[in-house]
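Any value given below was found using the heavy atoms of this structure, including those in side chains, with hydrogens, waters and symmetry copies removed. Whatever order the structure lists them in is the order used to number ligands and atoms, beginning at 1.
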Amino acid sequence: MGYPHPSHPKETVVLSRYFGDAGARSYDGWVQRGGYGALATALGRSREALIEEVKASGLRGRGGAGFPTGLKWSFMPKEVTKPHYLVCNADESEPGTFKDREIMRWTPHALIEGCAVAAYAIGAERCYIYIRGEFTEPWRIMSAAVAEAYAKGALGGNSLGSGQRIDIVLHRGAGAYICGEETAMMNSLEGKRGNPRIKPPFPAVSGVFGMPTTINNVETLAAVPHIINRGAAWYKSLCLGNPKSTGTKLISICGHIQRPGNYEVTMGTPLKEILYDMAGGPKPGRTIKAVIPGGSSVPIMSREEAEAALFDYEGIVEKGSMLGSAGLIVMDDTTDMVYQIWRLARFYAHESCAQCTQCREGTAWTTKVLERILAGKGKQDDFQLLLDLSENMTGKTICVLSDSCAAPVVSGIQKFRGEFEAYMAGAREPAMADV
Ligand SMILES: Cc1cc2nc3c(=O)[nH]c(=O)nc-3n(C[C@H](O)[C@H](O)[C@H](O)COP(=O)(O)O)c2cc1C
Ligand code: SF4
């Protein structure tokens, strides 16, 4: 796989500082760049002090939901009377999202160090890193790095000579999007079918193998050593006006854009700057029509909404969508929005684990109705049918995959209704054969 672009002057390079630097991949290379200092510091502090530091930093989960990380850690039982586990979510399968992959490809020890600090803080001696099955190269790099971390004494029964046991087990998934959902991931780790579990019980009470468990995303955990090294106040200062969203955020940009790739920005950076200055804007002669800002599972933004948004958790919500995984999918004026929404619906129908009726039937039915519209056979009633289906798929199921299918459909109808109408009126050539 290729090299990343040189960083843009408007980026705030923290996690991505060594992307493209192959020397950072080895244990010694990482130590030369200041690596494992945070683990040594952390092992000399109390678990409570570490949790407080992470709480004070304002770090929020980078896997999609933005839950405060220190608070999540504090839910783990204070007394360790049975095994505690940390699970690192490296399943990264959200369409348009490829930031965790780059952390693992270029800075595997950053993730290992973050996992080790977090494991110690929550009273866990073992961390499972669950890697997406298709991540062949990151898997190879992570495997070598974990073996090296054991050989050098950062992992194992006496981590950095502290007497603390910290083990990391890499587990490779089998290619199911749903296994990125935390409770499905726990089932998968246990060797069961990757079906999400009903909550409660929450993982901190009964997680993997029925034991107290914390699950965090790769980017979340990779940020932790920086907080330990430079302090919560420094991390918290990385924000442009909104103290609820702090730190830096890795953003993956793909689609109709001149310079796709990963960019790291301070929370609160105007989305317009990200799209036009950093990523170069649309191809010459084209204009941006729509942006999906958080992977594919969030409402679609119009160009106007995207250009007015600040890129942080609250800023994107204010403009009608969600930050999600921060995978930006950019669509220009050549895009057939009905077709793209159909492709997303088909993805969710394919990836549904099929436990919940609303999701199993709703994702498939939505896909079929969109196919009918694309075949030029849509009726005005289909708008209400799609909206009713979406309503029934939102907030009523075991996990939010179902809601994720509804989000682009509802926002797509609201913002691009004319494109649906054009198919229904026969003003547009059918994009699909008869259904
Ligand atoms: C269908 C579905 C897929 C998900 N996929 C991922 C994923 O690939 N990576 C990830 O970190 N979180 C994913 N999540 C979110 C996780 O369930 C969980 O919230 C996250 O790993 C928690 O880590 P964080 O607090 O550090 O964000 C997914 C959630 C759902 C509902
Ligand atoms: S919402 Fe869909 S993917 Fe989630 S548990 Fe229900 S059927 Fe499975």
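The local environment of NE2 in His350 is sparse, with at most 12 non-hydrogen atoms from other residues, nucleotides or ligands closer than 6.0 Å. Within a 6.0 Å sphere centred on CZ of Arg343, other residues, nucleotides and ligands contribute 12 heavy atoms or fewer. Shown here is Arg193, whose CZ atom has no more than 12 heavy atoms of other residues, nucleotides or ligands within 6.0 Å. Other residues, nucleotides and ligands contribute at most 12 non-hydrogen atoms within 6.0 Å of the CD atom of Glu391.
Applying the 4.0 Å criterion to heavy atoms of Pro196 picks out, from ligand 2, the atoms 5 (S). Contact atoms of ligand 2 toward Ile398: 5 (S) (distance under 4.0 Å to a heavy atom of the residue). Atoms of ligand 1 found under 4.0 Å from any heavy atom of Asn216 (numbered from 1 in listed order, with element): 23 (O), 24 (P), 25 (O), 26 (O). Here is the list of ligand 1 atoms found below 4.0 Å of a heavy atom in Glu182: 16 (C), 17 (O), 18 (C), 19 (O). Listed by atom number, the atoms of ligand 2 under 4.0 Å from Ile178 heavy atoms are 3 (S). Here is the list of ligand 1 atoms found below 4.0 Å of a heavy atom in Ser93: 8 (O). Applying the 4.0 Å criterion to heavy atoms of Arg62 picks out, from ligand 1, the atoms 26 (O), 27 (O). Atoms of ligand 1 found under 4.0 Å from any heavy atom of Val400, numbered from 1 in the order shown, are 31 (C). Ligand 2 places these atoms under 4.0 Å from at least one heavy atom of Thr397: 1 (S). Proximity to Ser352 (heavy-atom distance under 4.0 Å) selects the following atoms of ligand 2: 2 (Fe), 7 (S).
Glu92 N, 3.2 Å is the protein heavy atom nearest to atom 8 (O) of ligand 1. Counting only heavy atoms of the protein, atom 12 (N) of ligand 1 lies nearest to Asn89 ND2, 3.1 Å. Nearest protein heavy-atom contact of atom 2 (Fe) of ligand 2 is Cys359 SG, 2.4 Å. Of all protein heavy atoms, the one closest to atom 24 (P) of ligand 1 is Gly61 CA, 3.5 Å. Considering only non-hydrogen protein atoms, atom 1 (C) of ligand 1 sits nearest to Tyr177 CE2, 3.7 Å. Summary of contacts: the protein heavy atom closest to atom 3 (C) of ligand 1 is Glu181 N, 3.7 Å. Regarding atom 6 (Fe) of ligand 2, its nearest protein heavy-atom neighbour is Cys356 SG, 2.3 Å. Atom 8 (Fe) of ligand 2 has its closest protein heavy atom at Cys353 SG, 2.4 Å. Of all protein heavy atoms, the one lying nearest to atom 23 (O) of ligand 1 is Asn217 N, 3.3 Å. Gly63 N, 2.8 Å is the protein heavy atom nearest to atom 27 (O) of ligand 1.
Between Lys244 and Glu318 no salt bridge is recorded (no basic side-chain N to carboxylate O distance below 4.0 Å). Of the charged side-chain nitrogens involved, none lies within less than 4.0 Å of a carboxylate oxygen, so that Lys249 and Glu264 do not count as a salt-bridged pair. The pair Arg105-Glu102 meets the salt-bridge criterion, since a charged nitrogen lies less than 4.0 angstrom from a carboxylate oxygen. Checked for salt-bridge contact, Arg346 and Glu351 miss the test: no charged N lies under 4.0 Å from a carboxylate O. Ionic pairing of Lys99 and Glu219 is present here: one or more N-O contacts between side-chain nitrogen and carboxylate oxygen are shorter than 4.0 angstrom.
Below 30°, between 30° and 60°, or above 60°: for His109 and Tyr27 the angle between ring planes is above 60°, a perpendicular geometry.
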Exercise for review: Take Lys272 and Glu305, measure what salt bridge (Lys or Arg N to Asp or Glu O under 4.0 Å) needs, and give me the verdict at the end.
Suggested key: CA-CA 10 Å; Lys272 195 170 181 180; Glu305 289 167 332; over 6 Å; no

Practice item. Check step by step if salt bridge (Lys or Arg N to Asp or Glu O under 4.0 Å) holds for Glu148 and Arg25. Key: CA-CA 10 Å; Glu148 228 190 336; Arg25 280 179 177 153; over 6 Å; no

Practice item. Before giving the answer on salt bridge (Lys or Arg N to Asp or Glu O under 4.0 Å), spell out for Arg33 and Asp21 the whole-Å C-alpha distance, their side-chain angles and the decisive distance to 0.1 Å. Key: CA-CA 11 Å; Arg33 289 161 182 76; Asp21 173 1; 2.9 Å; yes

Practice item. Show the numbers, then the answer: is there a ring pair (Phe, Tyr, Trp, His ring centres under 6.0 Å) between Trp342 and Phe347? Key: CA-CA 9 Å; Trp342 164 74; Phe347 168 77; over 10 Å; no

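If you look at Thr220 next to ligand 1, the close heavy atoms, those under 4.0 Å, all belong to the side chain. Counting heavy atoms under 4.0 Å from ligand 1, residue Lys72 touches it through the side chain alone.
Note on Cys399: counted as a metal contact of atom 4 (Fe) of ligand 2, an N/O/S atom lying under 2.8 Å.
The shortest N or O to N or O distance between Asp100 and ligand 1 is not under 3.5 Å. Between Ile178 and ligand 1, no N or O atom pair is found at a separation short of 3.5 Å. Between Gly180 and ligand 1, an N or O atom pair is found at a separation short of 3.5 Å.
By the 4.0 Å heavy-atom criterion, Glu94 is excluded from the residues contacting ligand 1. In this structure, Gln355 has a heavy atom closer than 4.0 Å to ligand 2.
Residues His5 and Tyr263 bring their aromatic ring centres within 6.0 Å.
Here CD1 of Ile131 is found 10.5 Å from NE2 of His171. Values are rounded to the nearest 0.5 Å.
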